[in-house]
Amino acid sequence: QVQLVESGGGLVQAGGSLRLSCAASGRTFSRRAMGWARQPPGKEREFVAHINGNGDSTWYADSVKGRFAISRDNGQNMVYLRMNSLKPEDTAVYFCAAAQQAAITSASYDSWGQGTQVTVSA
């Protein structure tokens, strides 16, 4: 497992941008797929993006495709989620997670951060 700490959340107006960061500890970071999931108020957690270990393969949920970009810096043990053109429906707690292989089901991820709140005002 790796330990994960998210940062970068906050309050932003619709149309604005934020960049979330996730700092990871552990020597196996570069071998782990990383994902970003979100949980809107009163709703189920859903994955919005994931990236493989060396960063050359990514996936996005349809709801964020073209607006969000996931990236990683294995030298710094960091993963990022750049969020542009934010909408009120993007309001959620955002979590980063680590897995042996990239996936979009929570059960596939064995390490989770504590989450960071993103609120998008209309």
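Nothing here was measured: the structure is a model prediction, and the numbers come from that model. Start at 1 with the first residue, then count along the sequence.
- For an aromatic pair to be called close, the ring centres must be under 6.0 Å apart, and Y94 with W112 fails this.
- Residues R38 and F47 form no side-chain contact, since every pair of their non-hydrogen atoms from C-beta on lies 4.5 Å or further apart.
- By the 4.5 Å heavy-atom criterion applied to side chains, R31 and N74 are not counted as neighbours.
- Shortest non-hydrogen contact noted between A33 and A102 is CB-N, 3.2 Å.
- Y60 contributes a side-chain N or O that, together with a main-chain N or O of I70, makes up a donor-acceptor pair within less than 3.5 Å.
- The aromatic rings of W59 and H50 lie parallel to each other, their planes meeting at an angle below 30°, with 60° marking the opposite boundary.
- The salt bridge (charged side-chain N to carboxylate O under 4.0 Å, His left out) check on R67 picks up D90, with sequence neighbours excluded.
- Rounding to the nearest 0.5 Å gives a distance of 11.5 Å between OH of Y109 and CG of L4.
- Remark: R32 engages D110 in a salt bridge (charged side-chain N to carboxylate O under 4.0 Å, His left out) (not counting sequence neighbours).
- Put simply, the side chain of R82 does not reach to within 4.5 Å of the side chain of S71, judged on heavy atoms.
- Both tests hold for R45 against F95: distance to the six-membered ring centre under 6.0 Å, angle to the ring axis within 45°.
- Under a hydrophobic clustering in which Ile, Leu, Val, Met, Phe, Trp and Tyr are joined whenever their side-chain heavy atoms come within less than 4.5 Å, directly or via other members, Y80 and W36 fall into different clusters.
- For the pair T119 and V12, the minimum side-chain heavy-atom distance is 4.5 Å or more.
- Summarising the local packing, CD of Q114 is surrounded by more than 12 heavy atoms from other residues, nucleotides or ligands at distances under 6.0 Å.
- The nearest pair of heavy atoms linking A98 to M34 is CB-SD, 3.6 Å.
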(message) side-chain hydrogen bond (donor to acceptor under 3.5 Å, both in side chains) for E89 and T91? Distances and angles first, verdict last.
(response) CA-CA 5 Å; E89 52 263 44; T91 294; over 6 Å; no
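- In this structure, F29 CZ and Q76 CD are separated by 10.5 Å, a value rounded to the nearest 0.5 Å.
- For the residue pair S25 and Q3, a side-chain donor N or O sits within less than 3.5 Å of a side-chain acceptor on the partner.
- Closest of all the heavy-atom pairs between A14 and A122 is CB-CA, 4.4 Å.
- With sequence neighbours excluded, no residue satisfies salt bridge (charged side-chain N to carboxylate O under 4.0 Å, His left out) with K87.
- Expressed to the nearest 0.5 Å, how far OG of S7 lies from CG of L20 amounts to 8.0 Å.
- Under the 3.5 Å distance criterion, the side-chain polar atoms of S57 are left unmatched by any main-chain donor or acceptor of N52.
- The SG atom of C96 sits 12.5 Å away from the CD1 atom of I51 when rounded to the nearest 0.5 Å.
- Side-chain atoms of M83 and R19, non-hydrogen and from C-beta on, never get closer than 4.5 Å to each other.
- Side chains of Q13 and V120 form no contact here, defined as non-hydrogen atoms less than 4.5 Å apart.
- Atom-to-atom distance recorded for R27:CZ and N77:CG is 11.5 Å, nearest 0.5 angstrom.
- Contact of the M78 side chain with the S21 side chain is registered, since non-hydrogen atoms from C-beta on lie closer than 4.5 Å.
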(request) Start with the C-alpha distance between L18 and V118, add both sets of side-chain angles, then the distance that settles side chain to side chain contact (heavy atoms under 4.5 Å, CB included), and finish with yes or no. (result) CA-CA 9 Å; L18 282 174; V118 171; 3.9 Å; yes
